[in-house]
There are 2 protein chains.
Amino acid sequence: MQDTHISLAHGNGGRYMRELIREIFVRHLGNPLLDADADAVPVALGEGEIMLTTDAFTVQPLEFPGGNIGSLAVHGIVNDLAVTGATPVYLTLSAIIEEGLPIAQLERIIVALGEAARCADVRVVAGDTKVVRRGEAAGLYLSGCGVGLRARQHCLTLDAIRPGDQVLVSGPIGDHGIAVLLAREEFGLMGQVESDCASVLPLTRALLAVPGLRFMRDPTRGGLATVLHEISQASGLGLSLDQAAVPVRPAVQSVCEMLGYDPLYLACEGRVVAVVDAAYAAPALAALRALPQGQQAALIGNATAAHARVALTTELGGERHLQELEDDPLPRIC
Amino acid sequence: MQDTHISLAHGNGGRYMRELIREIFVRHLGNPLLDADADAVPVALGEGEIMLTTDAFTVQPLEFPGGNIGSLAVHGIVNDLAVTGATPVYLTLSAIIEEGLPIAQLERIIVALGEAARCADVRVVAGDTKVVRRGEAAGLYLSGCGVGLRARQHCLTLDAIRPGDQVLVSGPIGDHGIAVLLAREEFGLMGQVESDCASVLPLTRALLAVPGLRFMRDPTRGGLATVLHEISQASGLGLSLDQAAVPVRPAVQSVCEMLGYDPLYLACEGRVVAVVDAAYAAPALAALRALPQGQQAALIGNATAAHARVALTTELGGERHLQELEDDPLPRIC
């Protein structure tokens, strides 16, 4: 491309937009199904339940240690399918681009997006681009939709959860939130924290192979605490969380202590929370720990008969209600 | 809802976000498949080819005569499926909302979105909301994905177009572009132009029932001229357009003359351009004109053996190349 920066003409439906789509999007995301000239594309799907999901991404900054908005978008959508027991197959992608965005930066983002898609074995089959005025869209927003397939036996529902079921997390929490925070440089902190931004498919596949799996969810916005509240409210059961058992990297813990954040509310982008029949908690934990991404997996709590509340046993042995998130500790982390 | 305006907390994944989703989105878009608590939802599809499309909407202002960004989003996605010969079945929706947007305005938009979805018989089955800082997102951006089904015999391709085929448009062009322009009040013009924003499904169904239909497309961003260029470039054939035959409302023509716009490049949001075997052009035109939306349908040109160029016969009888759109006459019309 001759231009170095995005202009409004790149969004007008004419020649410049066609060039942008061809040189950046199709070049890095191309596959036989992605027809940039089509209004809609035909896709084939194999046997199973068709699963749909959608997500928008407005993370700031656009690039951070461990990923960027492009890889985050793919992993976010892939993970929303994966935790329902599905295998992601197709993605659609829409980009709202700010006038003035360096095209080299856009290309880095789309390259990472393409790599993440290949890594999760999903294909981007449809897309759309819009360009908005300087000052809007903070560089780039991405939205996407995911289509997956789920084997009937992998249908997981919150209704299946029973008191006594064990709660697992696949790895340390809060890495993504803190990595993005440090990348903002607002606090003048330098850190070694990388986002955990990754596909959770290896983790969900390992869990699906264990009997007694009840439910899975990825703790993104609002973190582990929010997922536990969602599970508790939707199932009508209580959850009891053992704070000392929750894995948190020392660097994440330090930043949290310095700035007054609670890692329980910080976003992860490559972790899974799973609820498992207590009889199968040990093999489920072993299955996670056998994976590179799951070496720090831990049993962190259990479901209880207490009605729809989340109790936290603190590291000092006290017990308190875990509050639902109200104020946003870290806006714009996904 | 107690709040009157959107705050960042409405996007944080916690209690405020759940309230917003329940009170505005689920209340107006609810259907048995829309599970606001799920990461991904299972959907059933009948027989046929599965068609996917995606589109983002950044129109300014958010509300204009004849529609708003909500109805526009549904119609835009529905129409992208309809022109491929598909019947839209499911939509996903992601909303990027600016902090400070009046909740009453958001609700008007989502009500219109729900009405447009019911009118086109599609269901919103998955959604996502993000909230961004004041000054970003111009109030609201919407993105969505559409899933449709296409009967095998309705597969339309550009390859099918032959020299001599006739080109039809289903109604007057430029209404949407001019309606949005006048709604901006930048030029101090008051006008009576309403957007043509509507589902084109009745039109595409009527055309699919006529033998000899080669191809359809909706002339949105870049207008009729851009669609003709796309058809010409993708098919490798020439197109000849008779300017005098192109329907343009007098009010649209007047504004164009005053401000120096060419209606051929202005967006429509409820029109179809169709290419039809010359032998069936008359019944195709009659099928369109039998519909309320198609009363001003017209035969406007034909395919030629000239290689990939669009020729315009002007109202004075001269002939010139119709240039491809480069500068954006009206940014942010969809």
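Computed from a prediction, not measured in an experiment: that's the story for all the values here. Chain naming here is simple, since letters A, B, ... match the order of the sequence lines and numbering starts at 1 in each.
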inquiry  = With a 4.5 Å cut-off on side-chain heavy atoms, are A/Met17 and A/Thr129 touching?
reply    = yes
inquiry  = Need one label for A/Leu93: side chain, backbone, both or neither, based on atoms under 4.5 Å from any heavy atom in chain B.
reply    = backbone
message = Given heavy-atom pairs under 4.5 angstrom as the criterion, report whether the side chain, backbone, both or neither of A/Val131 touches chain B.
response = backbone
note = Among A/Gly11, A/Gly222, A/Ala234, the residue with the most heavy-atom pairs under 4.5 Å to chain B is A/Gly11
key: residues 135-143 of chain A: residues contacting chain B (heavy atom under 4.5 Å, by number)   = A/Gly135, A/Glu136, A/Ala137, A/Ala138, A/Tyr141, A/Ser143
note = Whatever's closer than 4.5 Å to a heavy atom in chain A on B/Val41 counts as both
query = What part of B/Arg15 is in contact with chain A, defined as an atom under 4.5 angstrom from a non-hydrogen atom: side chain, backbone, both or neither?
reply = both
remark   = Turns out that what part of B/Leu33 lies under 4.5 Å from chain A's heavy atoms comes down to neither
query = A/Ile96 versus chain B, heavy atoms under 4.5 Å apart: side chain, backbone, both or neither?
reply = side chain
remark   = Most heavy-atom pairs under 4.5 Å with chain B, out of A/Ala56, A/Cys334, A/Ser7, A/Ala9, belong to A/Ala56
ask   = For A/Arg217, is it the side chain, the backbone, both, or neither that has a heavy atom closer than 4.5 Å to a heavy atom of chain B?
value = both
query = Where along residues 82-91 of chain B does a heavy atom come under 4.5 Å of chain A, listed by residue number?
reply = B/Val83, B/Thr84, B/Tyr90
query = At a heavy-atom separation under 4.5 Å, does A/Cys155 approach chain B through its side chain, its backbone, both, or neither?
reply = neither
ask   = Between A/Asp128, A/Thr58, A/Val125, which has the largest tally of heavy atom pairs under 4.5 Å with chain B?
value = A/Asp128
inquiry  = Given heavy-atom pairs under 4.5 angstrom as the criterion, report whether the side chain, backbone, both or neither of A/Val132 touches chain B.
reply    = both
message = Heavy-atom cut-off 4.5 Å, strictly under: side chain, backbone, both or neither for A/Arg18 against chain B?
response = side chain
inquiry  = I'd like to know which of A/Leu8, A/Leu158, A/Asp39 tops the heavy-atom pair count under 4.5 Å against chain B.
reply    = A/Asp39
task = Count the heavy-atom pairs under 4.5 Å between each of A/Gly223, A/Ala95, A/Pro42 and chain B, then report the option with the highest count.
result = A/Pro42
query = Is chain B contacted by the side chain of A/Met216, its backbone, both, or neither, given a heavy-atom distance below 4.5 Å?
reply = backbone
note = Scored by heavy-atom pairs under 4.5 Å with chain B, the best of A/Thr92, A/Ile50, A/Thr226 is A/Ile50
Neighbour count >12 (heavy atoms, 6.0 Å) for atom CD, B/Glu47 = no
inquiry  = Report which part of A/Gln233 has an atom under 4.5 Å of a heavy atom belonging to chain B: side chain, backbone, both, or neither.
reply    = side chain
